[in-house]
2 protein chains.
Amino acid sequence: MEKSVQPTINDVARLAGVSKKTVSRVINRSPLLNDDTRRRVEEVIADMGYVPNPQARALALRRNFLIGLIHDNPNAQMVLRVQQGLLEVLRDTEFELIVHPVDRGAPEMHDDIRLFLERQRPYGVMLLPPISENDELALLCASIGCRYVRMGSAAFDGPDHMVASNDREAVRGALAQLIGMGHRRIGLIAGPHGFRSAHERRSGYEEAMAAAGIDVSRNWIAQGDYTFESGMRAGERLLDLSPLPTAIFASNDEMAAGALHAARQRGLDVPADLSILGFDDTSIASHLWPPLTTIRWPIAPMARAAALKLIGSADKDDDGALFVSTLIRRASVAAPGG
Amino acid sequence: MEKSVQPTINDVARLAGVSKKTVSRVINRSPLLNDDTRRRVEEVIADMGYVPNPQARALALRRNFLIGLIHDNPNAQMVLRVQQGLLEVLRDTEFELIVHPVDRGAPEMHDDIRLFLERQRPYGVMLLPPISENDELALLCASIGCRYVRMGSAAFDGPDHMVASNDREAVRGALAQLIGMGHRRIGLIAGPHGFRSAHERRSGYEEAMAAAGIDVSRNWIAQGDYTFESGMRAGERLLDLSPLPTAIFASNDEMAAGALHAARQRGLDVPADLSILGFDDTSIASHLWPPLTTIRWPIAPMARAAALKLIGSADKDDDGALFVSTLIRRASVAAPGG
DNA sequence: TTGTAGGCGTTATCAT
DNA sequence: ATGATAACGCCTACAA
């Protein structure tokens, strides 16, 4: 075993023959320090294996070295990819990730988050959709003096506080391709009301259809809530239509999987009888049969960018960096009529 | 906006006309306190909306109110379910969850974890498989004086430090049912070497076959590494056999999905030509076509139990509580020739 | 460039 | 049963 107690700043100071404050300056990379002194102190630090105590720093600084991830767990895959992206940046820094899920819809959510921020005093927090769309939360963070970055399907905050994909444009482009293949009766399984992503994706669909001069019949649009079951039910409704749609765009992969399920239960062949397009490229997409054509948005890069913004080492240049979604072509889409 | 600064223990003490220490005693539910005093102080606390500062407590107590989750991300679904289970218990306590993934195989993993424990001084940590199987890590936690609970496929530590499922028995039971349906040529897609869960599940398979007096041919067992692709390749190898197996047990759902994929590419009908059984009941299982029969182990209850052990409010009774896995019957299994 | 004094908000020790 | 005082380990302000 090692020494039972860890060395403190005092031990380092004593051994190096300097004051605590000097050691503190070394730790914090203060510019006003004699190079000799710095070197000497750094040596002692390395020798003793000294590590600054984050709790003491947090107390003195009134700010913790924790990055909070606040979310309402809309999608396990997404949450995990975000965690991975954040942690990639946080690894090898002094920051740690603290996960704080909340219950959207619960009346106490706001207070819960406030308590979390006031107690833990995280260095910064990342807000995931859909609660990232809540402006009150952003204001709350700002009023408490906590850095924050929101993740979303469109830029609804300043660049310092936002990492955004462009769902609308991505959908528009993907649907233009479907239309280019000859599809005209294209159904939409829309996401739940109140979700910005659902809104953006629907807008992309509508814009693409309008651009192609296709009149969207009201019953070509079925409402889902981003779950497999809702996708299945919505798919059934669309497959009750006559004539049948030749393609369905589902606003996320879960619902696309549900629609695929519905199609198969009716004996339809995908993609010969019906093309299906999803959104998100979660792992389910590639594991379906047939593998799902879908739109992938760059979650991990967005999470990494968010982490960099939060810990303050983001290049100022990259504010303009766009996060572009890409169409992942798999076997669930083909030209109509097989 | 509110008062810009939060009240401290001093403010409470002053207003209540007592000393800091008395307030501290109220916070910490010290038994030696006059009821009147306690009530008075509690009132003031409620009035002021005072919340103890965790950083200061951490400094004084040399221990944080954070629960660490250390894992090597074997499976996104699993990690997330564990997080949910832990957080269910931690919600409404003063504890927060701090996620610390590591890189199994990296030589610095041990030091990385040591640094994490020494710096953050978490109140306790939960170790997920497969790194939970590493006894050195458990020793490390113990030597640092950090509580820990390990999650695993079998009990390989004392009850205070372990939440365990019983994979071997679960597999044995499920395979007995397969055999009862008439299957005899049952292939196994085994998990990677060095994983206790892979070992246990394989043992369950072997025990069930032995119990039924079936000689397991060496090439009925294909090796995978818990990924979809490895499952696909392993499935192909098993489907090269002649005569064909009538059933395949894959040691996790991902590999079962891969095997299903392989079967379909050969034009086999599942379950008519081939039954497939998975393990884990991740979300992929229910979304496959046909939906996958699989074994579910109670991750969330196990995580909740672990959290209770960590924060020290576990009933002493429940040590004997078994976490039983259940067979989830879906459409991927049928009688052979079916 | 470096050091001293004091504070951050809590708990522990030892009185009373 | 309660309180004064000194930690806990670090940082800020100010002084030298």
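Quick note on labels: first sequence line is chain A, next is B, and so on, each numbered from 1.
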Between B/Asp35 and B/Ala56, which is nearer to the 5' end of DNA chain D once each is assigned its nearest nucleotide?
-> B/Asp35

Does the side chain of B/Thr37 reach to within under 4.5 Å of the side chain of B/Arg25, using non-hydrogen atoms?
-> no

Considering only distance and modelled atom types, tabulate donor-acceptor pairs under 3.5 Å from the side chains of residues 27-36 of chain B, sequence neighbours left out.
from, atom 1, to, atom 2, distance (Å)
B/Asn28, OD1, B/Arg57, NH2, 3.0
B/Asn28, ND2, B/Ser24, O, 2.8
B/Asn28, ND2, B/Ser24, OG, 3.4
B/Ser30, OG, B/Leu32, N, 3.4
B/Asn34, OD1, B/Asp36, N, 2.8
B/Asp36, OD1, B/Arg39, NH2, 3.1

Would you confirm whether A/Asp72, through its side chain, and A/Ile131, through its main-chain N or O, come within 3.5 Å as a donor-acceptor pair?
-> no

Which of these, B/Leu69, B/Val149, B/Ile67, B/Leu117, sits in a side chain to side chain contact (heavy atoms under 4.5 Å, CB included) with B/Val125?
-> B/Leu117

Take the C1' atoms of the five end pairs on each side of the helix from C/dT1-D/dA16 to C/dT16-D/dA1, derive the two axes, and give their angle rounded to 10 degrees.
-> 30°

According to the interplanar angle, ranging from 0 to 90°, do the rings of A/His100 and A/Phe116 count as parallel (below 30°), tilted (30 to 60°) or perpendicular (above 60°)?
-> parallel

Side-chain contact, heavy-atom cut-off 4.5 Å: B/Leu137 with B/His110?
-> yes

Which pair of non-hydrogen atoms, one from B/Arg91 and one from A/Asp112, has the smallest distance, and what is that distance?
-> NH1-OD2, 4.4 Å

Contact residues, residues 18-34 of chain B to DNA chain C [heavy atom, < 4.0 Å] | B/Lys20, B/Lys21, B/Ser24, B/Asn28

Earliest and latest nucleotide of DNA chain C, 5' to 3', sitting under 4.0 Å from a non-hydrogen atom of chain A?
-> C/dT1 to C/dG9

What orientation do A/Tyr148 and A/His161 show, parallel under 30°, tilted 30 to 60°, or perpendicular over 60°?
-> parallel

Under the ring-ring contact (aromatic ring centres under 6.0 Å, His included) test, which residues partner A/Tyr50, sequence neighbours left out?
-> none

How far apart are the closest heavy atoms of B/Leu66 and B/Phe95, and which atoms are they?
-> N-CD2, 4.2 Å

Determine whether A/Arg63 and A/Arg147 make a side-chain contact, defined as any pair of heavy atoms from C-beta on separated by less than 4.5 Å.
-> yes

Chain A on DNA chain D: first and last contacting nucleotide, 5' to 3', under 4.0 Å to a heavy atom?
-> D/dG9 to D/dT12

Count the heavy atoms of every other residue, nucleotide or ligand shown that sit under 6.0 Å from CD of A/Glu43, and state whether that count exceeds 12.
-> no

Pick base, sugar-phosphate or nothing for A/Leu59, based on heavy-atom distances below 4.0 Å to the nucleic acid.
-> base

Heavy atoms, side chains only, cut-off 4.5 Å: are A/Met151 and A/Pro129 in contact?
-> yes

